Amino acid sequence: MEKMDKAERLKRAPAPKARISPELAHRLPPGQTLTDRFPILHEGDVPDYGDGSEWSLRVFGLVDGERTFSLDDLKAMPRATVVCDIHCVTRWSKFDTAWEGVRFRDFLAAAGIRVRPEARHVMIHADQDYETNVPLEDLMRDDVLLAWGYDGKPLTPKHGWPLRLIVPHLYFWKSAKWVRGIEFMKEDRPGYWEQRGFHNYADPFREQRFSDESFEMPEDEWMHKDYD
Ligand SMILES: Nc1nc2c(c(=O)[nH]1)N[C@H]1C(S)=C(S)[C@@H](COP(=O)(O)O)O[C@H]1N2
Ligand SMILES: [Mo]
């Protein structure tokens with residue numbers, strides 16, 4: 001048998017995938033690499049909510065009456081810990097992140113919020129002038145959390161204190177930090193990134209990064225990354 005030239009063999013070999021054990025590989029969406037660090041990404045400055053006592057959450061839109069909640073109101077609701085993998089569109093994924101808070105659907109039930117039947121979409125309103133849209137059905141899933149804790153500790157300001165959303169099955173830009181409002185809507189409407197070329201739904205396993213295939217990831221999205 002003829003020995004194939006090494007360079008030729010290398011050229012023909014498939015490009016190495018991210019170094020990840022075969023048992024974990026199915027959890028890593030296409031085009032993602034795994035990180036143990038916790039990158040910090042957001043638009044605008046980190047808001048300072050101190051002990052959270054001045055913070056409030058407004059629920060409005062297609063509900064029977066607008067309501068406002070304090071952090072203490074939320075903490076008195078049934079608590080849950082969700083351990084999940086998170087996937088950022090800038091190609092990092094982090095496995096087994098542990099968040100503490102109240103499930104979105106438990107929040108609605110505990111607060112007695114009556115959502116009108118015509119509501120199909122939700123706009124999450126957050127600082128700084130950030131918003132992101134998620135179908136209501138998706139928010140009702142078992143692992144969707146309104147979180148005030150991470151890894152057994154209160155959220156740090158940079159990661160969204162006092163309250164952030166966690167939607168593990170969508171790219172992480174849907175997991176808004178510093179949430180201030182939840183708006184129930186009949187028609188869908190694009191949020192901050194959804195208006196700027198990113199996918200409206202954002203399923204990482206279907207690699208729904210951009211609304212238009214020809215859209216390129218802006219260079220600074222890759223480079224300007226801070227870590228804990
Ligand atoms: N309010 C707000 N939430 C936000 C963002 C933002 O700019 N503002 N960025 C999103 C993006 S793109 C990502 S990847 C995650 C990053 O969360 P982390 O900093 O805790 O890793 O927050 C999301 N939530
Ligand atoms: Mo992101």
Side-chain angles (χ1 to χ4, degrees), residues 28-49 52 55-58 71 82-101 104 122-134 138-139 143-183 190-205 207-211 215-228:
L28 192 67
Q32 296 291 109
T33 49
L34 204 52
T35 179
D36 287 327
R37 302 168 81 190
F38 201 164
I40 296 160
L41 274 98
H42 53 255
E43 301 296 296
D45 295 330
V46 174
D48 177 9
Y49 282 106
W55 173 91
S56 65
L57 175 69
R58 181 175 162 234
L71 189 56
V82 165
V83 178
C84 61
D85 302 341
I86 56 179
H87 313 291
C88 174
V89 72
T90 62
R91 297 188 186 279
W92 58 268
S93 291
K94 187 171 169 62
F95 284 177
D96 299 314
T97 60
W99 305 91
E100 192 195 0
F104 186 87
V122 176
M123 186 66 83
I124 304 295
H125 296 266
D127 298 324
Q128 310 278 351
D129 290 321
Y130 190 79
E131 53 180 23
T132 189
N133 54 316
V134 184
D138 285 69
L139 293 177
D143 57 355
V144 171
L145 204 65
L146 292 168
W148 55 76
Y150 173 74
D151 213 11
K153 294 182 273 297
L155 278 182
T156 58
K158 284 180 176 179
H159 286 298
W161 171 261
L163 195 80
R164 80 176 297 166
L165 181 70
I166 296 294
V167 190
H169 68 286
L170 301 177
Y171 279 124
F172 209 38
W173 85 76
K174 299 281 187 181
S175 293
K177 306 193 273 194
W178 316 300
V179 174
R180 300 301 314 279
I182 301 174
E183 178 186 5
Y192 181 87
W193 284 119
E194 295 84 3
Q195 286 173 37
R196 288 166 175 76
F198 288 81
H199 199 279
N200 193 56
Y201 182 67
D203 179 349
F205 285 92
E207 243 190 311
Q208 294 176 335
R209 296 177 196 273
F210 312 115
S211 49
F215 190 83
E216 295 274 326
M217 183 97 60
E219 182 97 344
D220 56 355
E221 265 292 301
W222 289 91
M223 307 314 291
H224 298 167
K225 210 180 278 177
D226 188 7
Y227 294 92
D228 262 355

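Just so it is clear, the model here is predicted, and its values are computed rather than measured. As the structure lists them, so they are numbered: ligands from 1, and atoms in each ligand from 1.
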(request) For ligand 1, indicate whether the residue D127 contacts it via side chain, backbone, both or neither (heavy-atom separation under 4.0 Å). (result) backbone
Which atoms from ligand 1 have a heavy atom of [X] less than 4.0 Å away?
| X | value |
| --- | --- |
| P39 | 18 (P), 19 (O), 21 (O) |
| C88 | 14 (S) |
| A126 | 1 (N) |
| E43 | 6 (C), 7 (O) |
| F38 | 20 (O), 21 (O) |

(request) May I ask whether R164 has any heavy atom positioned less than 4.0 angstrom from an atom of ligand 1? (result)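 It does; at least one heavy atom falls under 4.0 Å.
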(request) Could you tell me which residues satisfy ring pair (Phe, Tyr, Trp, His ring centres under 6.0 Å) with F205, sequence neighbours excluded, listed by chain and number? (result)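 With neighbours one apart ignored, the set is H87.
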(request) Decide yes or no for D85 and D96: does some side-chain heavy atom of the first lie under 4.5 Å from some side-chain heavy atom of the second? (result) yes
(message) Out of Y171, W173, F172, Y150, who is nearest to atom 12 (S) of ligand 1 when you count heavy atoms only?
(response)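 When every heavy atom of Y171, W173, F172, Y150 is considered, W173 comes closest to atom 12 (S) of ligand 1.
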(message) Tell me the nearest of H42, H125, K177 to atom 19 (O) of ligand 1, using heavy-atom distances.
(response)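 Closest candidate by heavy-atom distance is K177.
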(message) Show every side-chain hydrogen bond (donor to acceptor under 3.5 Å, both in side chains) that has at least one partner inside residues 144-162, sequence neighbours left out.
(response)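 Matches after skipping sequence neighbours: K158-D226, H159-D228.
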(request) Considering non-hydrogen atoms only, spot the tightest contact between P204 and P29 and give its length. (result) O-CB, 3.4 Å
(request) Provide the closest heavy-atom pair for A147 versus I166 in the form atom of the first, atom of the second, distance. (result) CB-CG1, 4.1 Å
(message) Below 30° counts as parallel, above 60° as perpendicular, anything between as tilted: where do the rings of W92 and F38 land?
(response) perpendicular
(request) Using a strict 4.0 Å threshold on nitrogen-to-oxygen distance, state whether E43 and K177 make a salt bridge. (result)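 Result for this pair is no, no salt bridge flagged.
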